[in-house]
Protein chains: 2
Amino acid sequence: MRIGELSKKTGVASRMLRYYEEQGLISPTRLDNGYRDYQDYLIDRVGKIRGLVDSGIPSRIIVDILPCLDQEQDIVVRNVEPGLRDLLAQERDRMSQKIDFLTQNRDAITKYIAALDEAATEAPLASAS
Amino acid sequence: MRIGELSKKTGVASRMLRYYEEQGLISPTRLDNGYRDYQDYLIDRVGKIRGLVDSGIPSRIIVDILPCLDQEQDIVVRNVEPGLRDLLAQERDRMSQKIDFLTQNRDAITKYIAALDEAATEAPLASAS
DNA sequence: TGCAACCTTCACATAAGTGGTAATGTCAAA
DNA sequence: TTTGACATTACCACTTATGTGAAGGTTGCA
């Protein structure tokens, strides 16, 4: 499919799809006319990229992570560069840390919101008095 | 305490502490000589800031979140700006989303690493053959 | 007195986008 | 077949966020 179609299916602007290609995150083939040609599996992949980017993972890391996330078939374990396992383990730990931080802070905010709501219920005159 | 001491206690460079002040994340008072004077509670606060920044939360959001995280005493519910509750709820949801994404991806990476290790155990000749 | 710690300010760095322009390709209707 | 609308291309410059580096001056302290 061409860039416009992929853009509609993923909700990611064409502009961004070209940008992600520039970053090495996706590599569509080209049609005779020079247009980019995206395969179906890239729809899913773009979603994963957005998820990772939104999670604050830098794109140079995403490049390494992506192959591990495309696991529709068996996991491919051939041609593993020596440092990759460690890099992945490192990134996995960083992600665990992030998850812990976020969970802690989200829970704190949740409690705070609950307190706000309770206060509003008990004494709703604060702003009107 | 002065900036150097806080820097040592938090592991955050003085440069960064000044930068966070510029971003409105911390507001030390000043001594007569113009030096910044940090109170003790800011040690904890700087740690929280680092955690949030590392989790990919933009600093303009952190400014809003921080007061909710400083809950050593009772939760302060006075003078709540009208939009704040919604903003917090919104951010809480975004954080939940991030947590889900991260968890999913971390688990995928964990599985991948396990597969790598297993392959290395079963056929350790791959790189030597 | 001399050096380390501190101050401000300006500029630069990197990552992740965004915007604008000009040229080319596609397609359908006149 | 030509015209017009729209998609796509490449390229360049700009923006925002998060820092970092360095210059040049002031303060603290041994």
Side-chain angles (χ1 to χ4, degrees), chain A residues 1-39 42-43 45-66 91 94-95 97-98 101-102, chain B residues 1-39 42 45-66 91 94-95 97-98 101-102 105:
Chain A
M1 90 198 73
R2 297 191 317 196
I3 199 167
E5 194 181 341
L6 181 62
S7 172
K8 266 182 202 149
K9 287 190 177 168
T10 60
V12 175
S14 308
R15 191 70 181 73
M16 288 306 302
L17 294 174
R18 290 192 203 99
Y19 176 67
Y20 287 149
E21 181 180 350
E22 200 180 302
Q23 303 300 305
L25 298 176
I26 42 179
S27 304
T29 54
R30 295 290 179 139
L31 300 170
D32 290 343
N33 54 20
Y35 283 20
R36 290 168 179 82
D37 186 33
Y38 297 87
Q39 340 240 167
L42 289 173
I43 300 172
R45 181 137 176 171
V46 169
K48 284 174 179 167
I49 291 172
R50 281 308 324 166
L52 289 166
V53 170
D54 287 345
S55 300
I57 315 282
S59 62
R60 62 188 163 73
I61 301 291
I62 297 181
V63 173
D64 293 322
I65 292 180
L66 275 179
E91 195 53 32
R94 257 200 292 275
M95 289 168 93
Q97 266 196 338
K98 266 191 194 186
F101 266 124
L102 281 169
Chain B
M1 89 197 71
R2 298 191 317 196
I3 198 167
E5 193 181 341
L6 181 61
S7 173
K8 266 181 203 153
K9 288 190 178 171
T10 59
V12 176
S14 305
R15 192 69 182 73
M16 287 305 304
L17 294 174
R18 291 193 202 99
Y19 174 68
Y20 287 149
E21 181 179 350
E22 198 181 304
Q23 303 302 305
L25 297 176
I26 42 181
S27 304
T29 54
R30 296 289 179 138
L31 300 170
D32 289 344
N33 55 19
Y35 283 17
R36 290 168 179 81
D37 185 33
Y38 297 88
Q39 339 240 167
L42 289 174
R45 181 136 175 173
V46 168
K48 284 175 179 166
I49 291 172
R50 281 306 326 164
L52 289 166
V53 170
D54 287 343
S55 301
I57 314 285
S59 63
R60 60 189 164 72
I61 302 290
I62 296 181
V63 173
D64 293 321
I65 291 180
L66 274 178
E91 196 52 32
R94 257 199 292 275
M95 289 168 95
Q97 265 195 339
K98 261 192 194 188
F101 269 126
L102 281 170
N105 292 327

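Just so you know, these numbers use all the heavy atoms, side chains as well, and skip hydrogens, waters and symmetry mates. Lettering follows sequence order; numbering is per chain, from 1.
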Would you say [X] places a side-chain N or O within less than 4.0 Å of OP1 or OP2 belonging to [N]?
X	N	answer
R18(B)	dC7(C)	yes
R15(B)	dC6(C)	no
S59(A)	dA15(C)	no
Y20(B)	dG19(D)	yes
N33(A)	dT24(C)	no
S14(B)	dA5(C)	no

[X] [atom1] to [N] [atom2]: how many Å, rounded?
X	N	atom1	atom2	value
R2(B)	dC29(D)	CZ	C1'	9 Å
Y35(A)	dA10(D)	OH	P	11 Å
Y19(B)	dT9(C)	OH	P	17 Å
R30(A)	dT8(D)	CZ	C1'	10 Å
I3(B)	dT27(D)	CD1	P	17 Å
Y38(A)	dT8(D)	OH	P	9 Å
M16(B)	dT18(D)	CE	C1'	7 Å
L17(B)	dC6(C)	CG	P	10 Å

Revision key, fill the gap. Heavy-atom nearest nucleotide on DNA chain C taken for Q23(A) and for R36(B); more 5' hit belongs to R36(B)
Practice item. Without swapping roles, check the side chain of S7(B) against the backbone of I3(B) for a donor-acceptor pair under 3.5 Å. Key: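 Not a single qualifying donor-acceptor pair exists.
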Check your understanding: Taking C-beta and beyond as the side chain, do I57(A) and M95(A) meet within less than 4.5 Å on heavy atoms?
Key ->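 Side chain of I57(A) against side chain of M95(A), heavy atoms only: contact under 4.5 Å found.
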Review point. Do R50(B) and Y20(B) have a side chain donor and acceptor closer than 3.5 Å?
Key: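 Yes, Y20(B) and R50(B) have a side-chain donor paired with an acceptor closer than 3.5 Å.
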Review point. Does the distance from a Lys or Arg side-chain N to an Asp or Glu carboxylate O, for E5(B) and R2(B), drop under 4.0 Å?
Key: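 A salt bridge is absent here (no side-chain N lies under 4.0 Å from a carboxylate O).
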Check your understanding: Are any of the side-chain nitrogens in E21(B) or R30(B) under 4.0 Å away from the carboxylate oxygens of its partner?
Key ->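 Result for this pair is yes, salt bridge flagged.
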Exercise for review: Report which part of the nucleic acid R60(A) touches: base, sugar-phosphate, or nothing (heavy-atom distance under 4.0 Å, all strands).
Suggested key: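 Nothing: the residue R60(A), judged by heavy atoms under 4.0 Å, touches no strand.
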**Study point:** Minimum-distance nucleotide (side-chain atoms of R50(B) versus dG19(D), dA16(C), dG17(C))
**Key:**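 Of all the options, the side chain of R50(B) is nearest to dG19(D).
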